[in-house]
Amino acid sequence: MTPTSKAPEEAREDGLGWGRSVLMCPPEHFDVTYSINVWMDPDAHVDFDRTWRQWEDLVSTLEEAGTEVRTVPAVPGLPDMVFTANAGIVDGTTFTPARMSKPERAPEIDHVRARFEELGWTIEPPPAAPQEGAGDALAFDGGLVVGYGTRSSASAYAGLRARNGWTVTALELTDPRYYHVDLGFCPLDDRTAMVLPEAFTAAGRGALAELVEDPVILTPEEGAAFCANAVVTGHTVVMPQCTPRLGRELGRRGFEPAVCDVSEFGKAGGGCRCLTLALDVELDRAASFTAEVVG
Ligand code: ARG
């Protein structure tokens, strides 16, 4: 909640400034039992041993990269609860629970909320309209880059912005393959991000061109391989797949890809980022709003 406006060179040295602490949910009850996005086929076979191996591999890769992993217990009958990114929005030690647009996922929220209560965090009221957590709201340069139109609704953000004084760049999502913003956008530091142009409308692409000084543009193939769905921790980019081309683009900017195969979770339409919720995000709050709260 303390705004820090870094000089570009400094920002680059520091990397993203968040992603050192995440919340994850073990895949005990993970499965594909319903279809709420175009990637999900309930008839597809999920290999449960492989699921565990992939999840544990992701945990150890994150830990080796210097990220602390906390967990929330899995709940029977909630197969998508592994995708903690959708549980809510973190700012400092406040947690704003999501309002899931899909009834199948709605019961997850109370369990995650209880975990945050246990950790002693402040729980804010959920938005009035559907908003699917950090999966649709990523911190970039002190503000939030949010998606709306597929799962989250644009009106959810007006209330959140008014209540918290957050700076929000809202991008419309129309492609059913990229139904959350974290499938098409991935902040790398305060001026660099991976961007999948086809996930956005012309207006959204324009807004991103204004916002991101040095974008790493993904090819359609990289987008479909969920390359944007990466967890950035320091200068390590933990991603479900990477191409030699993308590896070079990241390397040129001082980032190193660490590929973690999470293909079993891909059957539910998720990658590395979806399986984590960053716990160390601090967003800027508009000065007038801060004054209102403090004074
Ligand atoms: N099956 C889940 C859903 O459709 C996948 C969630 C992916 N999460 C994400 N942050 N993109 O809701």
Side-chain angles (χ1 to χ4, degrees), residues 3-22 61-62 65-67 85 90-91 134-147 166-171 173 178 180-200 203-260 271-274 276 278 280-284:
T4 43
S5 175
K6 297 175 203 145
E9 317 75 53
E10 199 190 325
R12 176 141 298 204
E13 250 170 50
D14 287 1
L16 197 56
W18 55 274
R20 292 288 185 191
S21 174
V22 297
T61 305
L62 289 170
T67 292
V90 161
D91 179 13
D136 250 344
L138 289 165
F140 182 74
D141 196 19
L144 282 177
V145 172
V146 309
W166 293 334
T167 304
V168 173
T169 303
L171 307 172
L173 304 174
Y178 309 117
H180 283 134
V181 81
D182 66 0
L183 296 168
F185 177 75
C186 178
L188 292 165
D189 64 24
D190 284 354
R191 59 193 188 112
T192 312
M194 288 190 272
V195 173
L196 174 66
E198 64 181 326
F200 304 104
R205 288 196 291 270
L208 284 171
E210 289 269 300
L211 190 70
V212 184
E213 211 179 299
D214 179 25
V216 178
I217 303 292
L218 300 184
T219 65
E221 294 72 28
E222 289 162 350
F226 287 174
C227 290
N229 202 253
V231 185
V232 180
T233 168
H235 290 89
T236 307
V237 184
V238 181
M239 55 206 300
Q241 289 188 55
C242 190
T243 58
R245 184 208 75 88
L246 179 55
R248 282 192 299 275
E249 287 296 315
L250 293 171
R252 217 158 57 72
R253 293 165 173 87
F255 293 93
E256 196 192 340
V259 172
C260 252
C272 298
R273 163 78 76 192
C274 309
T276 67
D280 56 351
V281 175
E282 306 238 348
L283 300 167
D284 294 351

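Computed from a prediction, not measured in an experiment: that's the story for all the values here.
- Closest approach of Cys274 to Leu183, counting heavy atoms only: SG-CD2, 4.5 Å.
- Atom CD of residue Glu210 and atom OG1 of residue Thr169 lie 10.0 Å apart, to the nearest 0.5 angstrom.
- For Glu198, the CD atom is densely surrounded, since the number of other residues' heavy atoms within 6.0 Å is greater than 12.
- If you take OG1 on Thr61 and CE on Met239, they are separated by 13.0 Å, rounding to the nearest 0.5 Å.
- Closest non-hydrogen pair, Ala225 versus Pro240, comes out as O-CG, 4.1 Å.
- When atom types are taken as modelled, the side chain of Asn229 and the backbone of Arg273 share a donor-acceptor pair closer than 3.5 angstrom.
- Within the 4.5 Å cutoff, side-chain heavy atoms of Cys227 are placed close to those of Leu246.
- Although no hydrogens or angles enter the test, the distance criterion places a donor-acceptor pair under 3.5 Å between the side chain of Thr67 and the main chain of Gly19.
- When all heavy atoms of Gly147 and Val181 are compared, the pair lying nearest together is N-CB, 3.8 Å.
- Interatomic distance, CG of Asp189 versus CZ of Arg253, reported as 10.0 Å (0.5 Å rounding).
- Annotation for Trp18 and Ala139: closest pair CZ2-O, 3.3 Å, computed over non-hydrogen atoms.
- No donor-acceptor distance shorter than 3.5 angstrom exists from the side chain of Thr233 to the backbone of Thr236, with no hydrogens or angles considered.
- Ring geometry for His235 against Phe255 counts as tilted: the plane angle lies between 30° and 60°, on a 0 to 90° scale.
- If you take CD on Glu249 and OG1 on Thr192, they are separated by 11.0 Å, rounding to the nearest 0.5 Å.
- The heavy-atom pair separating Val212 from Ala193 by the smallest distance is CG1-N, 3.6 Å.
- Shortest non-hydrogen contact noted between Phe140 and Pro187 is CD1-CB, 3.7 Å.
- Within the model, atoms CZ of Phe185 and CG of Asp136 stand 12.5 Å from one another, a figure rounded to the nearest 0.5 Å.
- Between atom CG of residue Asp141 and atom CZ of residue Arg191 there is a gap of 11.0 Å, rounded to the nearest 0.5 Å.
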